Amino acid sequence: MVQVHSVQPEKIGYMAEIDIFDESMHYLGKMDKTQAHQEGHWHKSVHLWIMNGKNVLLQLRAP
């Protein structure tokens with residue numbers, strides 16, 4: 001079995017800046033990702049999972 005480890009930028013002192021939106025997806029500006037999550041702002045994201053039965057072969061996430 002292959003184990004995949006990811007590094008979360010917030011855990012190593014890196015501030016990831018993301019675009020934030022209102023509920024109607026109108027662009028509001030940029031904000032630090034951690035702060036945006038704490039304040040409940042909307043942002044675009046993509047989650048991709050490639051699986052073989054119950055095994056996760058690849059997982060990619062993008063803000």
Side-chain angles (χ1 to χ4, degrees):
M1 174 154 93
V2 177
Q3 291 185 347
V4 177
H5 300 279
S6 64
V7 176
Q8 296 175 336
E10 302 84 20
K11 306 252 185 215
I12 57 173
Y14 173 79
M15 292 179 53
E17 193 173 69
I18 59 173
D19 295 331
I20 59 170
F21 301 84
D22 65 14
E23 299 89 11
S24 300
M25 294 309 291
H26 296 112
Y27 178 73
L28 299 176
K30 293 188 178 288
M31 181 179 284
D32 172 64
K33 181 178 179 180
T34 302
Q35 180 183 355
H37 283 173
Q38 290 171 346
E39 295 180 12
H41 292 286
W42 291 81
H43 65 89
K44 295 180 180 181
S45 66
V46 175
H47 294 249
L48 171 70
W49 293 57
I50 298 177
M51 301 182 72
N52 180 5
K54 293 184 178 181
N55 299 315
V56 176
L57 301 177
L58 178 68
Q59 177 188 1
L60 297 174
R61 296 183 293 166

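Everything numeric here is computed off the predicted structure, so don't read it as measured data.
By the side-chain hydrogen bond (donor to acceptor under 3.5 Å, both in side chains) test, Gln38 is found to be paired with no residue, residues two or more places apart in sequence or in another chain being considered. With sequence neighbours excluded, the residues that form a side-chain hydrogen bond (donor to acceptor under 3.5 Å, both in side chains) with His26 are Asp22. The side-chain hydrogen bond (donor to acceptor under 3.5 Å, both in side chains) test applied to Gln35 returns Glu39, not counting sequence neighbours. For Asn52, the side-chain contact (heavy atoms from CB on, under 4.5 Å) partners two or more places apart in sequence, or in a different chain, are Leu57.
Grouping the Ile, Leu, Val, Met, Phe, Trp and Tyr side chains by contacts below 4.5 angstrom, directly or via other members, places Trp42 apart from Leu28.
Contact of the Leu58 side chain with the Trp49 side chain is not registered, since no non-hydrogen atoms from C-beta on lie closer than 4.5 Å. Met31 has its side chain within reach of His41: a pair of non-hydrogen atoms, C-beta onward, lies under 4.5 Å apart.
Residues Asp19 and His43 come closest through the heavy atom pair O-CB, 3.4 Å.
The line from CD1 of Ile50 to CD of Gln59 is 11.0 Å long, rounded to the nearest 0.5 Å.
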